Each structure stands twice: as C-alpha cells, then as structure tokens.
> 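Pasting a structure here, questions to come.
Remember, it's a predicted structure, so these values are computed and weren't measured experimentally. Reminder, nothing fancy here: chain letters follow the sequence lines and each chain counts from 1.
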Amino acid sequence: MGKTITEKIFSTHLRDTPSPGNYVLDIDVVMCHEITTPGAILDLETRGIDRVFDPARIKAVIDHVTPSKDSKTATQAKILRDWAGRHNIVDFFDIGSNGVCHALFPEKGFIRPGYTVIMGDSHTCTHGAFGAFAAGVGTTDLEVGILKGVCSFREPESILVEINGSLADGVGAKDVILKIIREITVNGATNMVMEFRGEVIDAMSMEARMTLCNMAIEAGGTCGICPPDQTTAEYLFPFMKDEAGSVEGLAECFRDFHSDPDAVYRKTFTLEVADLAPQVTWGYKPDEVRDIGDMAGTPVDQVYIGSCTNGRIEDLRAAARILKDKKIVAGVRGILAPATPKVYSQAMEEGIIKIFMDAGFCVTNPTCGACLGMSNGVLAAGEVCASTTNRNFNGRMGKGGMVHLMNPMSAAAAAVTGEITDPRDMI
Amino acid sequence: MKEFGGRIIGLDRSDINTDEIIPAKYLTEINREALKPYLLEDLKLDGFDPASDDLAGARVILTRANFGCGSSREHAVWAFEVNGINMVIAESFARIFRQNMFNCGMLAIELAADDIARIFQFDGNLTAAVEVDKGVLSISDGTAAMEFSFTLNDFERDLVKAGGWLAYADAKY
Ligand code: SF4
C-alpha cells in the first residue's frame, strides 16, 4: 500500500510507538517565541533540568510583542533572550533582525522537505508549504521538544485537497483557503494533515503556498502540506547548494517527499477556482465566509495588512497595486506591518513602502502586533477591522472588536473606500 | 494523579476557541495562578457570566464539538487547572487542546453527540465521577445517575498517571 508524504515523514522519524495509534517522532527543528516558550524555560529550571537537546536544531525569535510594550512583555523577552544566550542558540532573532516567526524561519532556509517541525504556535502548519510535517503544539510539548527532541502525534491521516483551474486577478491563496474552510468547516480537517495538490498549487509561489498552509489550522488541520517541487527547489537552493549541484537536481531529490499514487486518504476535497471571488469572513469563526460582493459596503474603522498569513513581499506588492496614487479615506486608520526585516527592506527598494506611506498608512516594524490583540493597533469595542490575518475570533484584535479576514488587495481596497470593497473593481 | 470529578458546568456551544477561554492579552502572565480571574472572559454564549458562582464552583466542563480550537496556548488548560477544573467532557476536541490536557495530566473525555445531548437535557445540579482505569464516567443529579463508558488508550492513561508528558518523556527518552 502506498504512503502519503506525511506517512513517509512519520516512518523516517519514528522513535517510539507508546501504544497503537500513538507515534513519538524525532524532531528536526524546534522553534520558539517569547509568548509560549518562557513557561517551558521556567519549568525546566524549576525541575533542575535546564538543558536543550541540540542548540543547532532550536530556533528562537521575539516576535509577538516587539519592541516590548511593558514590563511583563519585556520580562518574557528577557527570559527567552537569556536562555538563548546561555544555551548557545545561534539562530536567535531579536530587535533589528526579528520578524513574524512563520515568515522569518522559512526565509532563513531552516525548513526543508521531509523535516519534522514543532513550535508552541498553532500556525506552525505554515511550514508544510515546503513539504515538511510542521505542527503547532502547546508549551509542554515544546518543553519536551527542547529537552529531548521528540514529540508525540496520533495517526497521520491526511485529507487530499485538490485545487484546479486558474485564479482570476484580484483573487489569491487567501481566498482559496477561506473558500476551503467555508466548505469543510472549522473542524473539517481536525486530526488530519491537509495535503494540497493540483494545478493551482503547482502555479503558486512559495509565499502563496505558505498563505494557504497557514490557515490549515483554521479547519482544524494538524498541518498543511504541499509536494516540494521546482518552485520549492528554487527557493531553497541557496541554502542547499552542497546537497545538489543544481536546482533541477534538488527538485529531483525532493521527489522522495511526494505521496505515492496509491496512497490512502481519509477523504478528498476538490475545488475548481475559475469562478472564485475574493472571500471575506462575516462572523467570529473562520468558516463564516462569504463572497466579497455579499459583504460590500460594510464600513471599517481600521485596515491591518501584515501577519504570518499575508505580510510577505507578494502581499505587500498586491496591496500596493491598489493603493498606488490613492489615499486612505478620512476616518479610516491603515496599519502595515511587514512580516520580516527582509520583506521590509525589499518593499523599500521597490518603492512599496512609499506607496503605503503616501496613501496614509502607518508602517510598523515587523511584529505580530495587532494580529492577536496584544499591541500595535488593538481595536476598541465596536470597531471593525479589515484584516489580512487569519483569525476573526471574538475579541481577537481587541475586546468587542470585529475582524473581517480578507486578502491584501481587498484590505487595501477597504482602506481607500472605507468599506468592504471588491478589489477587482479597482485594478 | 490529579483528582477528577465534581460539579459540572455546561458550555452549550460548539467551536469554543482558546482565545475565548483565555484572551491573548493575559498571555503576558508568567505565573499560571495569575490567569485565574480571566477564565472564559471572552466567551460568546448567551446567558453565560464568567463572574458567576456557577463557574467558581465548577470542577468539570461539559461542552459540544471541537472544543479548544484555534490558538495552541496551553494557558487555556492552565486557566482551567488553576480554577480547579481538571476534566472536560465534549463531543470532540481540537487536536492541540486535547493533547495539552493529557500533557498536563488532565482528562479530555469524548462522548457521542447523543450522550452529550442527554447530559445537557438532564436538569439540575450535576456532578461527575470518573474511574480512569475502567473508563467509566457517571453523571449524577443527586438522586439519579447515568453511566457512560469512554476510551483512553494506554499512552493517554499513562500520561494521566504520570501527571503529564514531561515526567513521562523525561523518564523514557
Ligand atoms: S502573526 Fe498572528 S497568527 Fe501569525 S504567529 Fe503572529 S500572532 Fe500568530
């Protein structure tokens, strides 16, 4: 019987089967940020086992609230910083080099096809874009990961999501994933890996694949995963030159991490995207989604462009297409948080930052910021935000606030008009 | 092993997420006890008041499908724990929340949708008692009791007995 990509990764990393259906895997990369890691660090200290399994396989970043906003967040940052220092964690990113974890770590070439990756963050599923098994975990799993380099998982079942057709201008990976969640619901993929395949995936950049995989968790998925191909090889070649002489050679190696033709899936979901319109959430759950036309005219107070979902260079370019030579309408606040310093400086070189600033956007440093309602643009009760982030939960960006999730062009269009607007009318 | 059982509070809704269980603004707390007053502060549920005595005296949560979805924050599990709630009974759980419960040596019990509905219909002040080894849960209103069986595999039972994944993994790997 054939195997899925995920089953192949499970079998190459299997350390133990503590009972049938439970698998303890060796972990290639354990990633840490300053919100969920300090609890693990302090607990290890309390137990007198303040050790790390392998400093080279641990990556850490201060990204959620940076620069720190108060004594408590400064303390969290300090705990992570001091710990990274005393354990010689070389890949530690602090002010000046830090950015949103799920955008920063791939950019550094840390994620490779066939890897197992964990982080104390649910959007770790993003890294499956590289053909890795990457799962969000809680602080205890993270703690064991740091100490022992292992993590336990249940049966690696997959749902095959096949996406065909080609996307219209103004419609992107965000709309594809919102549409999928709309169809399969917020627990349609619970305990399963979402394996994305089809023409649309083949044509997508790594950035777009990351956007897609990023929201697998919003359907309950353990991980999103894309078969690593030529596009993956082009992205990773600068980091993997020693392993293959050419991009083509690297792409060939990556074929080991494709599912077999006779692999078995728990279920299959197919989507044809030719007629797909930009999607927008209307409620407090990520499956409460409508076509943008059905939400048009909804007034917004703030527009937020950034996050691990849509804060990459392509997203900024897309939004800038709408914003060029335009102004944010009076009464609306615009915030841009480029996801990483590289994205930020690239956007400066390309003149994108100027377009945003001329339009009246506030450009912040790379950080999670308002995405989780901790800093940099928290909403007041009753306020509405058009946002490129991934969660519209009640209170997510501030108590009593309402978040409408959408793609970066739709968000930019809302900034210009002050209400939810189909970006296709503005290109 | 932790103590399980006691007074039940029902949260009659599906898809309750961990932002609702503990909002992100409290994730700056390093001390778990500090989370205590904020449990379920942002829960969107008609008639539910996080400040009520119902929640204060509760030891068990009864809820519907996909409980604990969203953010991976283990703070959601800790916020229950510091409030004396060591057990959640649901139709289903989000993966990370469920795993966090066992990782902390706590019990996440899944029952069929019909059984959950029957318990919700059972009026009055309910208490739960559990026999972890036998996989038996009994729900009582003081006069009558209903029994349900639930499944835990050996690994999950071992985690509960060890008091969590760290103790288990440190001894074994
Ligand atoms: S940008 Fe938002 S969703 Fe992404 S890691 Fe940061 S807080 Fe989480």
> With chain A as the partner chain, list the residues of residues 37-51 of chain B whose heavy atoms fall under 4.5 Å from it, by residue number, and write 'none' if nothing qualifies.
B/E41, B/D42, B/K44
> Looking only at heavy atoms, what is the nearest atom pair of B/N153 and A/P20, with distance?
ND2-O, 4.3 Å
> Do other residues, nucleotides or ligands put more than 12 heavy atoms under 6.0 Å from B/D53 CG?
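Count not over threshold, so no.
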> Which atoms of A/I217 come close to chain B, meaning under 4.5 Å heavy atom to heavy atom: side chain ones, backbone ones, both, or neither?
side chain
> Side chain, backbone, both or neither: which part of A/V24 has a non-hydrogen atom closer than 4.5 Å to chain B?
side chain
> Sort by residue number and list every member of residues 80-100 of chain B having a non-hydrogen atom under 4.5 Å from chain A.
B/S92, B/F93, B/A94, B/R95, B/I96, B/R98, B/Q99, B/N100
> Nearest heavy-atom pair of A/S122 and B/G70: which atoms, and what distance?
CB-O, 3.6 Å
> Can you say whether B/D170 sits under 4.5 Å from chain A via the side chain, the backbone, both, or neither, judging by heavy atoms?
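When you check distances to chain A, atoms from both the backbone and side chain of B/D170 fall under 4.5 Å.
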> In Å, rounded to the nearest 0.5 Å, how long is the span from OG1 of A/T36 to CD of B/E74?
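Rounded to the nearest 0.5 Å, the OG1-CD separation comes out at 9.5 Å.
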> For B/L166 and A/I49, run side-chain contact (heavy atoms from CB on, under 4.5 Å): C-alpha distance rounded to whole Å, both residues' side-chain angles, the deciding distance at 0.1 Å, then the answer.
CA-CA 11 Å; B/L166 199 276; A/I49 43 174; 4.1 Å; yes
> Do you know which of A/K399, A/H123, A/H64 has the most heavy-atom pairs under 4.5 Å to chain B?
A/K399
> Would one find more than 12 heavy atoms of other residues, nucleotides or ligands at under 6.0 Å from atom NZ of B/K172?
yes
> Strictly less than 4.5 Å between heavy atoms, which residues of residues 367-378 of chain A line up against chain B? Please order them by number.
A/L372, A/M374
> Find the one option among B/N66, B/I30, B/V77 whose heavy-atom pairs under 4.5 Å with chain A are most numerous.
B/N66
> Between A/D70, A/T73, A/D16, A/T190, who has the most heavy-atom pairs with chain B when the cutoff is under 4.5 Å?
A/D16
> At under 4.5 Å between heavy atoms, what parts of residues 136-155 of chain A are in contact with chain B? List them by residue number.
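The residues closer than 4.5 Å to chain B, in numerical order, are A/G136, A/V137, A/G138, A/T139, A/T140, A/D141, A/E143, A/V144, A/L147, A/K148, A/V150, A/C151, A/S152, A/F153, A/R154.
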> As an exercise: rank B/A65, B/A24, B/S72 by heavy-atom pairs under 4.5 Å with chain A and give me the winner.
B/S72
> Take B/R157 and A/S19 through the side-chain contact (heavy atoms from CB on, under 4.5 Å) test and state the conclusion after the steps.
CA-CA 10 Å; B/R157 223 180 297 270; A/S19 71; over 6 Å; no
> Checking A/P38 against chain B: side chain, backbone, both or neither under 4.5 Å from a heavy atom?
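Contact with chain B: none, neither part.
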> Measuring from B/E156:CD to A/N22:CG, what's the distance to the nearest 0.5 Å?
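Output value for this atom pair is 6.0 Å.
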> Sort out for me which of A/V186, A/T185, A/N390 touches chain B most, counting heavy-atom pairs under 4.5 Å.
A/V186
> Within the structure provided, determine whether A/F393 and B/S71 are in side-chain contact (heavy-atom separation under 4.5 Å).
no
> Of the backbone (N, CA, C, O) and the side chain (C-beta and beyond), which part of A/R391 lies under 4.5 Å from a heavy atom of chain B, both, or neither?
side chain
> Rounded to the nearest 0.5 Å, how far apart are CZ of B/R32 and CG of A/D43?
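One gets 6.0 Å once the value is rounded to the nearest 0.5 Å.
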> What are the two closest non-hydrogen atoms of A/Q76 and B/L27, and how far apart are they?
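It is NE2-O, 2.8 Å.
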> Tell me which of these, A/T124, A/N191, A/D121, A/T222, has more heavy-atom pairs under 4.5 Å with chain B than the rest.
A/T222
> Assess whether atom CZ of A/R266 is packed by more than 12 heavy atoms of other residues, nucleotides or ligands within 6.0 Å.
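Not more than 12 within 6.0 Å, no.
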